[in-house]
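Okay, structure first, notes after.
When a ligand or atom number is given, it counts from 1 through the structure's own listing order.
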Amino acid sequence: MTYDTQPNASHFVDGAYLEDAAGDPIDVVYPATGAVIARIHAATPAVIAKAVESGLRAQAEWAALSGRERGRVLTRAARIMRDRNRDLSVLETRDTGKPLSETLYVDATSAADALEYFGGLAGSLTGEHVQLGQDWVYTIREPLGLCVGIGAWNYPTQISCWKGAPALACGNAMIFKPSEETPLCALKVAEILVEAGAPAGLYNVVQGAGAVGAALVGHPDVAKVSLTGSVPTGRKVYAAAADGMKHVTMELGGKSPLLIFDDADPDDAVGGAILGNFYSSGQVCSNGTRVFVQRGIKEAFLARLAERLAQAKIGDPLDESVNFGPMVSARQREIVLGYIEKGKAEGARLVCGGSVIDGDGFYIQPTVFADVTDDMVIAREEIFGPVMAVLDFDDEAEAIARANNTPFGLSAGVFTRDLARGHRVIGQLRAGSCFINSYNDAPVEAPFGGVKMSGVGRENSKAAIHHYSQLKSVYVRMGRVEAPF
Ligand SMILES: NC(=O)c1ccc[n+]([C@@H]2O[C@H](COP(=O)([O-])OP(=O)(O)OC[C@H]3O[C@@H](n4cnc5c(N)ncnc54)[C@H](O)[C@@H]3O)[C@@H](O)[C@H]2O)c1
Ligand SMILES: C[N+](C)(C)CCCC=O
């Protein structure tokens, strides 16, 4: 059985599919062929009102359960997701164009990891007791209320659960709005949560583009907004949330540095650079797209890299032997091609790739530029496609200073056999999610998120609990009350 790409209806609200054909139509396109595989509608004000009303109702019921009872529902949902991993992965591939050889191992899998991990934590969320002589204070960790999650198009299943799982574990409800580019997968997550025992309305999915997202963010009954998206969208959403004094998590873009020293294992360094630039056709927020290579090993590094890239199998993402797929949309391909042209015009050396691949899908060759300088546009702006910029450096202090010279701060990596240097360098790089002799690992146990313009707050790990709950403190006086008059 594989899932039909045309969902029963556009939205999943109050425990069931919901349609309102008055909403703007959205065509869902399979990036490998350009074919329309589904048509849905953006949420109307009536759909949003029903999502909010049912979310508030479900949240009150859900928060009254013990953490252990909530956790049981989440871990059951995780099991269902693992049982249906192949079907969910095929749907993710159709939604995003990412190869099945990736989606089978990363998307529903990491979503299930989040449900399992936060399901496990739910029963252990407690406050504390502070003795103050005879008097005492206790704290209660309370949910925030109705949360809104807004997703990007690169990891639709993962994002829906990286936000939903901690929110629900803490006793909140969530309305999730997927990206309009990839609206299909979150509907399955909502279905599975209901099947696992979540009350109707606890996790609603409504569709639409920025206007629907903005309506949710501005809704007075919403207590928190978690966005995964670009920095320009983050600015708008953060400002709108601030107007209502709402909690936020901002998982935004990056232009992360990867520093490769001349003592690094050459194959591991090339492997890390490939994972950090070409996985998901480069559509990964944390990618290490500024690859600083110590001058002495640069040409050897480039030669090995070109050899390995020639082995990429580009093609039908549903063929499990394929490991490099198309861009998510024709629009994203145009954006990336524009950057490739800028790189050429600015005088960077094109080592490989640089062109579209003929056909109906939105494919671009894996592309590497060398001799890139810090001032070039391809070294400064997030491209969000398969384009690696290789920059030379001479010494450690110089590399650190140049790596930090960016408004972004999502990730950073270093490859060296000298572990003391690895820790010393990472300690000075201003980024939230860092790697030594590795790149782009994101286990649910590790906090994930950025500094500077790359974001606010953290997803995953115990840290996420703090972003989906608040503390009430209660002072208890054991003696008489002495008032001045
Ligand atoms: N840090 C992370 O964890 C992470 C993960 C994945 C992607 N990203 C970033 O996401 C970007 C690519 O994704 P994208 O193109 O979908 O991003 P985007 O900013 O265009 O859109 C993100 C989401 O925000 C919604 N949106 C747009 N305007 C809005 C508004 N005014 N109010 C509320 N919602 C609004 C969109 O409909 C979409 O669902 C890249 O910059 C990438 O780095 C970050
Ligand atoms: C698991 N990955 C591949 C690091 C993706 C994290 C989410 C960013 O786009």
>> Side chain or backbone, does S454 bring an N or O within less than 3.5 Å of an N or O on ligand 1?
In response: no

>> So, regarding C285 and ligand 2 (criterion: nitrogen or oxygen to nitrogen or oxygen, under 3.5 Å), is there a contact or not?
In response: yes

>> For Q158, which part has a heavy atom under 4.0 Å from ligand 2: side chain, backbone, both, or neither?
In response: side chain

> Tell me, which protein residue and heavy-atom name are nearest atom 27 (C) of ligand 1, and how many Å apart are they?
Replying inline: T233 CG2, 3.5 Å

> Got a salt bridge between K163 and E459, using NZ or NE/NH1/NH2 to carboxylate O under 4.0 Å?
Replying inline: yes

> What protein heavy atom is closest to atom 2 (C) of ligand 1, reported as residue, atom name and distance in Å?
Replying inline: C285 SG, 3.2 Å

> Of all the non-hydrogen atoms in the protein, which one sits nearest to atom 43 (O) of ligand 1, and at what distance?
Replying inline: E382 OE2, 2.5 Å

>> Quick test of your reading of the model: are D267 and R304 salt-bridged, counting only N-O distances below 4.0 Å?
In response: yes

> Is the ring centre of F384 less than 6.0 Å from the ring centre of W153?
Replying inline: yes

>> Treating N85 as the side-chain partner and L104 as the backbone partner, does any N or O pair qualify as donor plus acceptor under 3.5 Å?
In response: yes

> Out of G229, G151, G432, A152, whose heavy atom is nearest to atom 38 (C) of ligand 1?
Replying inline: G151

> Are the side chain of Y203 and the backbone N or O of A198 linked by a donor-acceptor pair below 3.5 Å?
Replying inline: no

> Quick one: does ligand 2 sit under 4.0 Å from the side chain of N154, the backbone, both or neither, non-hydrogen atoms only?
Replying inline: side chain

>> Donor-acceptor check, side chain of K255 to backbone of A379, threshold 3.5 angstrom: yes or no?
In response: no

> Of the listed options (P178, A442, S230), which comes nearest to atom 11 (C) of ligand 1 when hydrogens are ignored and any heavy atom counts?
Replying inline: S230

>> Run the side chain to side chain contact (heavy atoms under 4.5 Å, CB included) test on Q59 and L56 for me, step by step, so that the C-alpha distance in whole Å, both residues' side-chain angles and the decisive distance to 0.1 Å come before the verdict.
In response: CA-CA 5 Å; Q59 196 266 324; L56 291 170; 5.7 Å; no

>> Looking at ligand 1, would A209 count as a contact under a 4.0 Å heavy-atom criterion?
In response: yes

> Among protein heavy atoms, which sits nearest to atom 12 (C) of ligand 1, and what does the distance come to when rounded to 0.1 Å?
Replying inline: F384 CE2, 3.7 Å

> What's the shortest distance from atom 1 (N) of ligand 1 to any protein heavy atom, and which residue and atom give it?
Replying inline: L252 O, 2.8 Å

>> Using a 3.5 Å cut-off on N or O atoms only, is T228 in polar contact with ligand 1?
In response: no

> Looking at Y3, does the NZ or CZ of K188 lie under 6.0 angstrom from its six-membered ring centre and within 45 degrees of the ring axis?
Replying inline: yes

>> Quick check on contacts: which atoms of ligand 1 are under 4.0 angstrom from a heavy atom of G210?
In response: 26 (N), 27 (C), 28 (N), 29 (C), 30 (C), 32 (N), 33 (C), 35 (C), 37 (O)

> What distance do I314 atom CD1 and N323 atom CG have between them, rounded to the nearest 0.5 Å?
Replying inline: 8.5 Å

> Given K98 and D107, is the salt bridge (Lys or Arg N to Asp or Glu O under 4.0 Å) satisfied, shown in steps?
Replying inline: CA-CA 10 Å; K98 292 186 298 181; D107 295 278; 2.7 Å; yes

>> Using only atom types and a distance under 3.5 Å, with no angle test, would you say the side chain of T103 pairs donor to acceptor with the backbone of S89?
In response: yes

>> Between the side chains of K313 and E320, is the shortest nitrogen-to-carboxylate-oxygen separation below 4.0 Å, so that they form an ion pair?
In response: no

> What protein heavy atom sits nearest atom 25 (C) of ligand 1, and how far off is it?
Replying inline: I150 CG2, 3.7 Å

> Applying a 4.0 Å heavy-atom criterion (strictly less than), which segment of N154 is in contact with ligand 1: side chain, backbone, both, or neither?
Replying inline: side chain

> Measuring from the heavy atoms of V212, does anything fall under 4.0 Å of ligand 1?
Replying inline: no

>> Which of the numbered atoms in ligand 1 are under 4.0 angstrom from any heavy atom belonging to L410?
In response: 1 (N)

>> Which of the numbered atoms in ligand 1 are under 4.0 angstrom from any heavy atom belonging to W153?
In response: 13 (O), 14 (P), 15 (O), 16 (O)

>> Given the ring of F369, does K344 sit roughly above its face, with NZ or CZ under 6.0 Å from the centre of the six-membered ring and within 45° of the axis?
In response: no

> N/O to N/O below 3.5 Å, does that happen between I159 and ligand 1?
Replying inline: no

>> Side chain or backbone, does N440 bring an N or O within less than 3.5 Å of an N or O on ligand 2?
In response: no

> Going through the checks in order, is the side chain to side chain donor-acceptor pair (under 3.5 Å) test met by S286 and S433?
Replying inline: CA-CA 8 Å; S286 46; S433 300; over 6 Å; no

>> I need the atoms of ligand 1 closer than 4.0 Å to a non-hydrogen atom of G253, numbered in the order shown.
In response: 41 (O), 43 (O)

> What atoms in ligand 2 come closer than 4.0 Å to a heavy atom of Y155?
Replying inline: 3 (C), 5 (C), 9 (O)

> Would one find an N or O of K236, backbone or side chain, under 3.5 Å from an N or O of ligand 1?
Replying inline: no

>> Under 4.0 Å, counting heavy atoms only: does F448 come that close to any atom of ligand 1?
In response: yes

>> Can you confirm, on distance only, whether ligand 1 has an N/O atom lying under 3.5 Å from any N/O atom belonging to E180?
In response: yes

> Salt bridge between R82 and D113, side-chain N to carboxylate O under 4.0 Å?
Replying inline: yes

